[in-house]
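Worth knowing before you read on, the calculation uses all heavy atoms, side chains too, and leaves out hydrogens, waters and symmetry mates. Here the structure is a predicted model, which means the values were calculated and not measured.
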Amino acid sequence: MNVRNLANDNSYKFKEMPSKIVPKTNLKKHKNSTRILWSWLAEKGWEFLGVVREWTAIFRKGAWHIAIHHFIDESPMSELIDKPVLLSPCEIIGDEEIAYEIIKKLYDFKFSITVPQQAFTDALILDTCGCEYNWHYDSPKHKFMVWAQKDDVHLLIEYFHNMPFAPYGVTQKMRYPCLALEYVQPSFFEEDFPPEKQKKKRTENGEKIDFIRIPEEMPKEVLERAEKAIERVFKDFRRISIAYSGGKDSTVVLILVFRYLLKHPDCKHEITIVSADTLVDNPLILRHLVKMKKVIENYCRKIRKEIPFILVEPYEGQDFFSCLLGRGYAPPSSKNRWCVERIKIIPAQKKLVELFGTGEPTCQLLGTRTSESQNRARSIERVYGDDFYSQHTISNITSTSPIVDWTAEDVVTFLVREKAPWDEEYSNYQLINLYGSAASFGECPIGAAITSDSDAKCSGRM
């Protein structure tokens, strides 16, 4: 780097003052791209000096200090970034310097690099143009700054050279924090970290799923049992109701039903899809549910089947905020989920009574699975026992789950490897990506206190 050795320069005298700054051991929040960068810095021998102000990490190697300001999931104010200059980091630092290895690695990590206009570059340009040497660009206040950006991560990297002590009041070398990668799913088929790191499993309500190493195909015997279960229902009943939440399990059941219909085009069964809009759902989930309703209705017209898709809502005065604010109900908790009954179960059951309370017996298809949680397993055992069917609370309705013995891995494998009949308009990948961005459909938007994975689902039998 084209700077003078400040230790031999009388222009600036450094004096270390007492500091009240207590550096922390890690950022307030990481992304996998920053974890990978930090891991690489550790491998290359950069010493970690700690984090100040929650987002600024300081590192040291040889005569160099760097401070990396992290902007995670937000963009810095445009006013803070000066316009770029027509100089590359290599021209300023020199590709032989150890500090340049960071720039090179950021390029390898697919970061875009920008050198903004700053006091250092202004002085350097004047110097290289033959003007009198501008000693200001040796000033510790005139450190060299570089912006690096990738997706939702912005980094402002400040370079300090030949300073007698570290910037920002840090003094002691610290151990690097744990930098194990977390599985982040911005898009199901776009991995963003090294292959050797892609083995971390994710947990869905207590079940471990390896989202990267999905089996190449569904277990044949598992799929055949589910298809035979659907076939049995169509043989035993002429009226069928599908309880659809928009989640992965009920989506599997919905696809299995339509696959049966495509294999049996002369089927004359009366089929109805019943779903619930609680009016307090996560907007992403509600948008997905409404989109699926439109997609299914379009597909039914395409195959010339009349299959109503009914979206029920809480009755007037029984919605969540009327009960909480108007009637003075206590906020729901894991032990008192009055909201599930009021805003989901009761509206759905009243609609089922209206549709199927009389006339021919009806079978309701559910997407419940014993492996979802211990509570769900006990509930299924209590309701079904060894029987294929269970009596619904509505006397004219019988219920069953064709995928009762499926694991979470079976469900995800099916959605990834088996196309939905309406795949061209709205593929299963949309649902998978939604799970990746919204944690899971077990999320309760109301904010009920959830104390364990077994309590995580605010679900109920319609």
Any donor-acceptor pair under 3.5 Å from [X] side chain to [Y] backbone:
| X | Y | answer |
| --- | --- | --- |
| Thr34 | His30 | no |
| His392 | Ile394 | yes |
| Lys305 | Pro265 | yes |
| Ser245 | Gly247 | yes |
| Gln391 | Ile397 | yes |
| Lys150 | Phe109 | yes |
| Thr398 | Ser390 | no |
| Ser112 | Gln149 | yes |

Problem set entry | Pairing residues for Arg225 by the salt bridge (Lys or Arg N to Asp or Glu O under 4.0 Å) criterion, not counting sequence neighbours | Asp405
What closest approach, in Å, do [X] and [Y] show between heavy atoms, and which atom pair accounts for it?
| X | Y | result |
| --- | --- | --- |
| Phe48 | Pro177 | CE2-CD, 4.0 Å |
| Pro314 | Pro347 | CA-CG, 3.7 Å |
| Ser322 | Asp319 | OG-OD1, 2.7 Å |
| His154 | Ser75 | CE1-OG, 3.4 Å |
| Asp410 | Met218 | O-SD, 3.2 Å |
| Asp423 | Ser427 | OD1-CB, 3.1 Å |

Exercise. In terms of heavy-atom contacts, does NZ of Lys419 have more than 12 from other residues, nucleotides or ligands at under 6.0 Å?
Worked result: no
For this session: Give a yes or no on whether Lys24 atom NZ has more than 12 heavy-atom contacts from other residues, nucleotides or ligands under 6.0 Å away.
Result: no
pair [X]-[Y]: side-chain heavy atoms closer than 4.5 Å:
| X | Y | result |
| --- | --- | --- |
| Ile68 | Trp55 | no |
| Ile255 | Leu415 | yes |
| Ile58 | Val51 | no |
| Lys293 | Tyr244 | no |
| Val146 | Ile113 | yes |
| Ile403 | Phe414 | no |
| Ile273 | Pro308 | no |
| Leu366 | Ile242 | no |

Does [X] pair with [Y] as a salt bridge, N-O distance under 4.0 Å?
| X | Y | result |
| --- | --- | --- |
| Lys31 | Asp151 | no |
| Glu217 | Arg417 | no |
| Lys268 | Glu306 | no |
| Arg259 | Glu227 | yes |
| Glu297 | Arg301 | no |

If you take the centroid of each ring, where Trp contributes its six-membered ring, are [Y] and [X] closer together than 6.0 Å?
| X | Y | result |
| --- | --- | --- |
| Tyr168 | His69 | yes |
| Phe237 | Tyr389 | yes |
| His65 | Phe59 | no |
| Phe71 | Trp147 | yes |

For this session: May I have the step-by-step check of side-chain contact (heavy atoms from CB on, under 4.5 Å) for Glu158 and Ile66, ending in yes or no?
Result: CA-CA 5 Å; Glu158 298 176 333; Ile66 60 169; over 6 Å; no
Seminar exercise, completed: Only residue of Leu37, Ile72, Asn32 satisfying side chain to side chain contact (heavy atoms under 4.5 Å, CB included) with Val153 is Ile72
If you round to the nearest 0.5 Å, how far is [atom2] of [Y] from [atom1] of [X]?
| X | Y | atom1 | atom2 | answer |
| --- | --- | --- | --- | --- |
| Glu425 | Met292 | CD | CE | 9.5 Å |
| Asn298 | Trp422 | CG | CH2 | 12.0 Å |
| Leu261 | Ile230 | CG | CD1 | 9.5 Å |
| Asp249 | Leu254 | CG | CG | 12.5 Å |
| Asn26 | Arg35 | CG | CZ | 8.0 Å |
| Lys61 | Ile102 | NZ | CD1 | 8.0 Å |

Report, one line per pair, each donor and acceptor closer than 3.5 Å where one atom sits in a side chain of residues 350-361; sequence neighbours left out.
| unit_1 | atom_1 | unit_2 | atom_2 | d |
| --- | --- | --- | --- | --- |
| Lys351 | NZ | Glu354 | OE1 | 3.4 |
| Lys351 | NZ | Glu354 | OE2 | 3.3 |

Problem set entry | Check against side-chain contact (heavy atoms from CB on, under 4.5 Å), Glu101 and Trp40 | CA-CA 11 Å; Glu101 65 182 1; Trp40 178 85; 3.7 Å; yes
Exercise. Do Glu54 and Leu27 pass the side-chain contact (heavy atoms from CB on, under 4.5 Å) test, and can you show the C-alpha distance, the side-chain angles, and the key distance before you say yes or no?
Worked result: CA-CA 5 Å; Glu54 297 185 326; Leu27 297 178; over 6 Å; no
Problem set entry | Sequence-distant partners of Glu231, side-chain contact (heavy atoms from CB on, under 4.5 Å), two or more places apart | Tyr260
For this session: Begin from the C-alpha positions of Ser241 and Thr272 and carry the test side chain to side chain donor-acceptor pair (under 3.5 Å) through to its verdict.
Result: CA-CA 5 Å; Ser241 170; Thr272 306; over 6 Å; no
For this session: State whether Phe388 and Arg232 meet the cation-pi test: NZ (Lys) or CZ (Arg) under 6.0 Å from the six-membered ring centroid, and within 45° of the perpendicular axis.
Result: yes
Problem set entry | Derivation and outcome, side-chain contact (heavy atoms from CB on, under 4.5 Å), residues Asp152 and Glu74 | CA-CA 7 Å; Asp152 49 4; Glu74 63 177 356; over 6 Å; no
